[in-house]
Amino acid sequence: QVQLVESGGGLVQAGGSLRLSCAASRNIFSTDAVGWYRQAPGNQRDLVATASSAGSTRYADSVKGRFTISRDNAKNTVYLQMNSLKPEDTAVYYCNLIRRTSWGPTNYWGQGTQVTVSS
């Protein structure tokens, strides 16, 4: 199976930037879909950004224009560039990879990295 490890989280002031990285233990295939989700205490784990195998991207309305998802298959890494951070962005951010198989899709999740934005 694929193991995912997130890094790059931390404490930042509102208006600042962070870049999250998600390192995969095995190759990220061009056919894999990747994404970032986040969860704050008491809330559901919600979609932040996804990138399909075809290259199309999808963002939550709350982060459009501020966050950018990218992937580097050669480095087995997925990134989330976060700019103009707001206190409401505070959450644990999780990396997600979906691999298609003949029996259906398989979801892989990282352990998460904490992002805290102060006002």
Side-chain angles (χ1 to χ4, degrees):
Q1 293 190 351
V2 178
Q3 294 184 3
L4 305 174
V5 180
E6 301 96 337
S7 63
L11 176 64
V12 64
Q13 289 188 334
S17 299
L18 286 173
R19 188 180 74 164
L20 305 184
S21 298
C22 173
S25 61
R26 303 179 68 181
N27 290 349
I28 297 177
F29 299 142
S30 60
T31 53
D32 294 336
V34 297
W36 288 92
Y37 291 72
R38 67 186 182 187
Q39 185 172 22
N43 294 339
Q44 293 181 293
R45 185 176 298 187
D46 296 323
L47 177 143
V48 176
T50 61
S52 72
S53 59
S56 62
T57 58
R58 175 187 172 192
Y59 296 92
D61 289 341
S62 59
V63 307
K64 286 181 179 177
R66 300 189 296 120
F67 291 10
T68 303
I69 186 172
S70 62
R71 61 198 292 176
D72 188 338
N73 291 349
K75 296 182 178 180
N76 299 325
T77 303
V78 183
Y79 302 98
L80 182 68
Q81 179 66 47
M82 305 185 296
N83 298 325
S84 302
L85 284 162
K86 304 175 181 179
E88 48 263 47
D89 295 320
T90 296
V92 177
Y93 284 71
Y94 298 90
C95 180
N96 170 246
L97 183 148
I98 302 175
R99 179 158 294 172
R100 299 174 182 177
T101 67
S102 60
W103 56 87
T106 299
N107 276 276
Y108 298 95
W109 295 94
Q111 296 301 304
T113 185
Q114 177 71 49
V115 172
T116 302
V117 184
S118 62
S119 60

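Throughout, residue positions are numbered sequentially from 1 according to the sequence presented.
The side chain to side chain contact (heavy atoms under 4.5 Å, CB included) test applied to Ser52 returns Ala54, Ser56, not counting sequence neighbours. Every side chain to side chain contact (heavy atoms under 4.5 Å, CB included) that Ser30 has, sequence neighbours left out, goes to Asn73. The side-chain hydrogen bond (donor to acceptor under 3.5 Å, both in side chains) search around Asp32 returns Arg99, not counting sequence neighbours.
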*asked:* Test side-chain contact (heavy atoms from CB on, under 4.5 Å) on Tyr108 and Val34; report intermediate values, then the result.
replied: CA-CA 10 Å; Tyr108 298 95; Val34 297; over 6 Å; no

*How far apart are the C-alpha atoms of Arg38 and Val115, what are their side-chain angles, what is the distance that settles it, and do they pass the side-chain contact (heavy atoms from CB on, under 4.5 Å) test?*
CA-CA 9 Å; Arg38 67 186 182 187; Val115 172; over 6 Å; no

Show which side-chain atoms of residues 3-22 pair as donor or acceptor with protein atoms under 3.5 Å away, not counting sequence neighbours.
residue: Glu6; atom: OE1; partner: Gln111; partner atom: N; Å: 3.0
residue: Glu6; atom: OE1; partner: Gly112; partner atom: N; Å: 2.8
residue: Glu6; atom: OE2; partner: Cys95; partner atom: N; Å: 2.7
residue: Glu6; atom: OE2; partner: Gly112; partner atom: N; Å: 3.3
residue: Ser17; atom: OG; partner: Asn83; partner atom: OD1; Å: 2.9

Only distances under 3.5 Å count here; give the side-chain donor-acceptor pairs of residues 40-50 to other protein atoms, sequence neighbours excluded, each with its distance to 0.1 Å.
none

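Val78 approaches Ser70 most closely through the heavy-atom pair CG1-O, 3.4 Å. The two residues Leu85 and Arg66 make their nearest non-hydrogen contact at CA-NH1, 3.9 Å.
Asp89 has no carboxylate O lying under 4.0 Å from a charged side-chain N of Lys86, or vice versa, which leaves the two without a salt bridge.
Not one N or O on the side chain of Thr77 forms a donor-acceptor pair closer than 3.5 Å with the backbone of Ala23.
Tyr94 and Ile28 fall into different hydrophobic clusters, where Ile, Leu, Val, Met, Phe, Trp and Tyr residues are linked whenever their side-chain heavy atoms come under 4.5 Å apart, directly or through other members. In the hydrophobic clustering of ILVMFWY residues, with side-chain heavy atoms under 4.5 Å counting as a link, Val2 and Ile69 come out together.
Here CZ of Arg71 is found 10.5 Å from CG of Asn76. Values are rounded to the nearest 0.5 Å.
Within the structure, the ring pair (Phe, Tyr, Trp, His ring centres under 6.0 Å) test picks out the following pairs touching residues 18-66 (sequence neighbours left out): Tyr37-Trp109.
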